[in-house]
Every structure is written in structure tokens, then in C-alpha cells.
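Worksheet: one structure, shown below.
Within every chain, numbering begins at 1; the chains are lettered A, B, ... in the order of the sequence lines, protein sequences first and strands thereafter.
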Protein chains: 2
Amino acid sequence: MVRKRFPDTHCSVARALNDVGDWWSLLVVKEAMLGTRRFVDFQQNLGIARNILCDRLARLLENGVLIKQDVGEHGTRYEYRLTEKGRDLFTVVTALRQWSDRWNGESDGPELVDRANGEPVRTVTVQSSDGRALDVRSVVYRDSSETDSAAG
Amino acid sequence: MVRKRFPDTHCSVARALNDVGDWWSLLVVKEAMLGTRRFVDFQQNLGIARNILCDRLARLLENGVLIKQDVGEHGTRYEYRLTEKGRDLFTVVTALRQWSDRWNGESDGPELVDRANGEPVRTVTVQSSDGRALDVRSVVYRDSSETDSAAG
DNA sequence: TGGGTACGGTTTCGAAACGCAACCGAATTG
DNA sequence: CAATTCGGTTGCGTTTCGAAACCGTACCCA
């Protein structure tokens, strides 16, 4: 049950999408970031079909985004938890969330605040070496062999 | 040809994925950020099937991520260009690219540098109101009605 | 000891999406 | 007039998805 993918592509973005590029994977990761750890909770909170959830969890395990722990307190219990690699998707998920809020209107979902002081987090941006916010037109994709390709 | 989606979900991430959540959409956007504008170039550079490209372009037009311009210089010519909404995905694409490079190894793809001084861009992070880098465990998803839900 | 329930799946099957290749119409080139 | 380019569209077979049913294990309770 493996979609045709591009494991050996030269493109980093495509390789990232190999791991989390389909519809549900990133939602599973986002749900895990909200604290969800158990199969049934993922299934109910996301409204995902069981077999699809099974497949996505397995793939995220393979890709090292999640780990599976047996916590056999009451019957068969497993916990799916984010690895360091999975937690590192926080930036991606947050950027995506903010983008959606900017362009598709604010959601009534939870607000993301700094645990230390309760203040909202900043808008995620790409920054230059000295901290200026950069948009796509203020950068260049420079190949190692050639210098070209205006972006935008 | 419309997959079951969640246009009225309360989740911002899911709503973002409605626009760019399938396998090819974000790759089309990324390709556009590299300067690609014409149908055949998208098709060849991405290796995408024509009908799928057609569908994705149409959807990205609908969603306001791309615009289509008739540039009838030599026969039938159109250009697909990013809108402001589309260009605003730069942060997401860059965060995804950096994540992939961190965890799946460096690619031999182009390097992203500041057009102004040629220096590489910073690692994209979520920042607190005073500029500290935040990971998923140092934030809280605070609902408007309740305060809960440790993240991680 | 036996029934009920929760959990974590797997199986089945129809529907949708995908990938490939062939075809198409308009315009440009030769 | 034929050949080519561009931007698609159409058919068709394969893959994936989604919903619901089913399954095995481990508890709970009596």
C-alpha cells in the first residue's frame, strides 16, 4: 500500500512530502502536538477511517516521526508519541496554521501562546542572517554549480 | 473530481490542507517559487501527469494561490503566477525544506540565500513575543473558553 | 466461568483519485 | 500545406480512500 513516491529526488520539499505529504499525515502530527497519543483518540478527534489511520501511523513510525510505546495498564494500550523529528515539524505546522488564519479567516480553534508568559507567538517568517523578514522575492535559489533563478 | 475535504472545519491546519494539502499542490507552488510559470515547464520539471497538473492548477486558481495570465506572444501561451496568498506560502515551503534537510540529509538542490547579501537564510523557527525560539513543548494551545492541553 | 466492553487493529468492497497515453484545437513555423 | 508547440481533455486500467463489519486480546464484573 505504497503510493508512488520520490525517495531519491533531489528536491528537499518533495522528500519532506514523502514523509508527511499526504492528506492525513500532517493532521496526525498536529493532533499529536495537541497531546493526543492513543489510537481511538486520533480516530475520533480527526474523524479518520481506522484502516487509513493504521496505515498513516505505520508510515509515520517507519519515517521516524512517531514512536509506539506499549503502556499496558488496562488491556491492550499503546501510545503514539512524537519523536524529536516529529516535534521538529512544529515550525511547519505552525506556519501552515498561521497562513490559513491569514488567508482563510481566523478559526475558532485554540490560540498558540508562549507557555512562559501566556503571550501569543510571533508570526513565523523566513529571516535573513541579520534578522530581517524575507519574502520569496528577496531571496535567490543559488545552485552550487550555477548562480541563477530569480524566485517569484 | 473533488476529494472529500473539510471546508468548514474548525481546525486551521485542516483548512490549509484543503488548499495545498495533497501531494502535488505544494510542489506546484514550490516550483512556481523557483520561477516556473508555464504549463509545459511545470509538467516537465515536476514529472506530473498532464491531467493531474490541470486539476491542481485549476484548484490553486480557485483557491487564490495562483493567477492565470494570457501572454499570447507565440500561439497559445498562459502564465501561472503566484498571488500574494501564494507567495505567502514561502514560509511554509522553506520550513518544510529545512526540516527535510535536517532529518533526511542535505539535498543537492539549490541553496536559499538572501538576495541582498548572498548569505544563507536563518533556520525558520517559531518565536516568542520577545524573539526566543520556541519548540512545541514550550507553548500551550489555549482555547478561548478553557485553558488546557499541554502540547507534546 | 462466562458475558460485556474497550482497544487496536484487519478485511472487504464500492467509490474516488491517480498515472499514462492518446487525442484535440488553435496558432506558429517552415 | 505539413509539422510543431502549447494547453489542455478523454479513456482506461491501477491505486488509494472511506465506511462498516469483523477479529483477537485483555480487562471488568458477577
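- Atom pair A/Gln44:CD and D/dA19:P shows a separation of 14 Å (rounding to whole Å applied).
- Checking D/dG11, D/dG7, C/dT11 against the side-chain heavy atoms of B/Lys68 singles out D/dG7 as nearest.
- In this structure, CD1 of B/Ile48 is placed 15 Å from P of C/dA21, rounded to the nearest angstrom.
- Closest to the side chain of B/Tyr78, out of D/dG8, C/dG19, D/dC17, is D/dG8.
- Nearest nucleotide to the B/Arg38 side chain, out of D/dC6, C/dT11, C/dC7: D/dC6.
- Distance CG (A/Leu57) to C1' (C/dT10): 14 Å, rounded to an integer number of Å.
- For A/Asn51, the listed nucleotide lying nearest its side chain is C/dT12; candidates were D/dG8, C/dT12, C/dG9.
- Each of D/dG11, D/dG7, D/dC17 was ranked by its minimum atom distance to the side chain of A/Ile52; first place goes to D/dC17.
- The nearest whole Å value for the distance from the CG atom in A/Leu53 to the P atom in D/dA20 is 16 Å.
- For A/Arg50, no side-chain nitrogen or oxygen approaches OP1 or OP2 of D/dG18 to under 4.0 Å.
- Protein atom CG of B/Asp41 is 11 Å distant from nucleotide atom C1' of D/dC6, rounded to whole Å.
- Checking the phosphate oxygens (OP1, OP2) of D/dG7, no side-chain nitrogen or oxygen of B/Arg77 falls inside 4.0 Å.
- Put simply, A/Trp23 has no side-chain N or O that comes within less than 4.0 Å of OP1 or OP2 on D/dG18.
- The CG atom of A/Asp55 sits 9 Å away from the C1' atom of D/dT16 (whole-angstrom rounding).
- One finds a side-chain N or O of B/Trp24 lying less than 4.0 angstrom from the OP1 or OP2 phosphate oxygen of C/dG19.
- Listed by chain and number, the residues in a side chain to side chain donor-acceptor pair (under 3.5 Å) with B/Ser12 are A/Asp101, A/Ser107 (sequence neighbours excluded).
- Side-chain nitrogen and oxygen atoms of B/Arg56 include at least one within less than 4.0 Å of the OP1 or OP2 phosphate oxygen of C/dC18.
- In this structure, the CZ atom of A/Arg59 is 12 Å from the C1' atom of D/dC17, given to the nearest Å.
- To the nearest 0.5 Å, atoms CG (A/Asp88) and CG (A/Leu82) are separated by 11.0 Å.
- Distance check, rounded to the nearest 0.5 Å: CG of A/Leu134 to CZ of B/Phe90 gives 6.5 Å.
- Residue A/Arg37 contributes atom CZ, which lies 16 Å from atom P of C/dC7 at whole-angstrom precision.
- Residues that satisfy the side chain to side chain donor-acceptor pair (under 3.5 Å) test with A/Thr36, not counting sequence neighbours, are A/Glu31, A/Asn45.
- Residues B/Phe42 and B/Val28 share a closest heavy-atom pair of CE2-O, 3.5 Å.
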